[in-house]
Visitor: 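Below is one structure. I have some questions about it.
Everything numeric here is computed off the predicted structure, so don't read it as measured data.
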Amino acid sequence: MRATIEIRKAVLSDAADIAAILCDSWRSAYKNIITPEELERNTNLETRTKMFERMISSGVGNYTIAFMNGTPCGVVSYNKSRDADLSAYAEIIAIYALETYWGSGIGKLMMDDALAELKRLGFERVMLWTFEANACARRFYEKRGFAVDGAVKDSGFGNAKEVRYRLELASCQDTDEERRARIYPVILSEYNPAWSEWYAEEKANLERLIGIENISRISHFGSTSVPGLTAKPTIDILLEVSEAVDIDKLINLLSSPNYISLTS
């Protein structure tokens, strides 16, 4: 079984989760950039009520929220903007993931989802601002294809400056490998004792669907089968059937929405 990831348009009832994600993410990302006093003053203003009002005024459709295994873990928001030298463009206002999920790939998935949506809406250019001193965020944006366009402004927090990044959406062409990586992200997890239980549940389900008499052997293999090993949270099962089994009939038995046949 894979880690369950959901990225969807936010609704007004998500306001509290979005505000909490922003506050926690700011504290993690900006703790070495702005003073603790400024950071707390800024996060204390980010309440559910304020977020609710902002979502209504700017448009609920401009907010996306991400979940991993049902837990809210990231947020993206954007606005349509206009600049004298850039004409109409989309501006990403926020893209944040909780520190617990840093390195999990959720940030890339959220950005890919946002860029695909903005491209679908007809935008040709995307802009965003980030702290000049935030090397981690700048690396993240540059890996996604963004480039500094030379604009710099005061952040409003002491002497900290913000730099502007720019991306031409026409240059965003996924390779087959990138497309597969977005659909099937590689996420590593600490060993979970429940993995053996998930295997046992699926083993029982397969035996029920196929029939024990048709199964020669069924095994839990791969990294999740090794106690204590960090692994992709995907339960790999090797199923061996007897020679008498009709493979076409077997595929039909497993053709519910829970199973996908990769045979040609």
Visitor: Look up atom CG in D17 and atom CD1 in I65, then write down how far apart they are to the nearest 0.5 Å.
Guide: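 Interatomic distance, D17 CG to I65 CD1, rounded to 0.5 Å: 5.0 Å.
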Visitor: Determine whether Y101 and T71 make a side-chain contact, defined as any pair of heavy atoms from C-beta on separated by less than 4.5 Å.
Guide: yes
Visitor: Hey, does D236 have a side-chain heavy atom less than 4.5 Å from the side chain of H220?
Guide: no
Visitor: Check for a donor-acceptor pair, side chain of S155 on one end and backbone N or O of A160 on the other, with a separation under 3.5 Å.
Guide: yes
Visitor: Would a 4.5 Å heavy-atom cut-off, applied to side chains only, mark L239 and I210 as touching?
Guide: yes
Visitor: Salt bridge or not for R125 and D149, using N-O below 4.0 Å?
Guide: no
Visitor: Would you give the length of the straight line joining atom OG of S28 to atom CG of L39, rounded to the nearest 0.5 angstrom?
Guide: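 Result: 9.0 Å between the selected atoms.
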Visitor: Considering only NZ, NE, NH1 and NH2 on the basic side and carboxylate oxygens on the acidic side, decide whether E240 and R217 come within less than 4.0 Å.
Guide: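 Looking at R217 together with E240, the answer is yes, because their closest N to O distance falls below 4.0 Å.
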Visitor: List the atom of M110, the atom of A66, and the distance in Å for their closest heavy-atom pair.
Guide: SD-CB, 3.6 Å
Visitor: If you define the side chain from C-beta out and look only at heavy atoms, does anything of Y141 sit under 4.5 Å from L167?
Guide: no
Visitor: What class does the angle between the rings of F157 and F131 fall in, given that below 30° is parallel, 30 to 60° is tilted and above 60° is perpendicular?
Guide: tilted
Visitor: CD1 of I33 to CD of E38: how many Å apart, nearest 0.5 Å?
Guide: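 These two atoms lie 11.5 Å from each other.
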Visitor: Determine whether L115 and L169 make a side-chain contact, defined as any pair of heavy atoms from C-beta on separated by less than 4.5 Å.
Guide: yes
Visitor: For E117 and R120: C-alpha separation, side-chain torsions, deciding distance, then whether salt bridge (charged side-chain N to carboxylate O under 4.0 Å, His left out) applies.
Guide: CA-CA 5 Å; E117 173 67 4; R120 186 189 69 78; 2.9 Å; yes
Visitor: Taking S77's backbone N and O only, do any of them form a donor-acceptor pair with N62's side chain (distance below 3.5 Å, no angle check)?
Guide: no
Visitor: Do any N or O atoms from the side chain of S25 and from the backbone of A97 form a donor-acceptor pair under 3.5 angstrom?
Guide: yes
Visitor: Around atom CD of E190, are there more than 12 heavy atoms of other residues, nucleotides or ligands at under 6.0 Å?
Guide: no
Visitor: Rounded to the nearest 0.5 Å, what's the gap from CG on L253 to CZ on R208? Could you check?
Guide: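 One finds 10.5 Å between CG of L253 and CZ of R208.
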Visitor: Would you indicate whether the side-chain heavy atoms of V76 and M111 approach each other to under 4.5 Å?
Guide: no
Visitor: Would you give the length of the straight line joining atom OG1 of T130 to atom OH of Y165, rounded to the nearest 0.5 angstrom?
Guide: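 One gets 7.5 Å once the value is rounded to the nearest 0.5 Å.
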Visitor: In Å, rounded to the nearest 0.5 Å, how long is the span from CH2 of W198 to CD1 of I237?
Guide: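 It comes to 12.0 Å.
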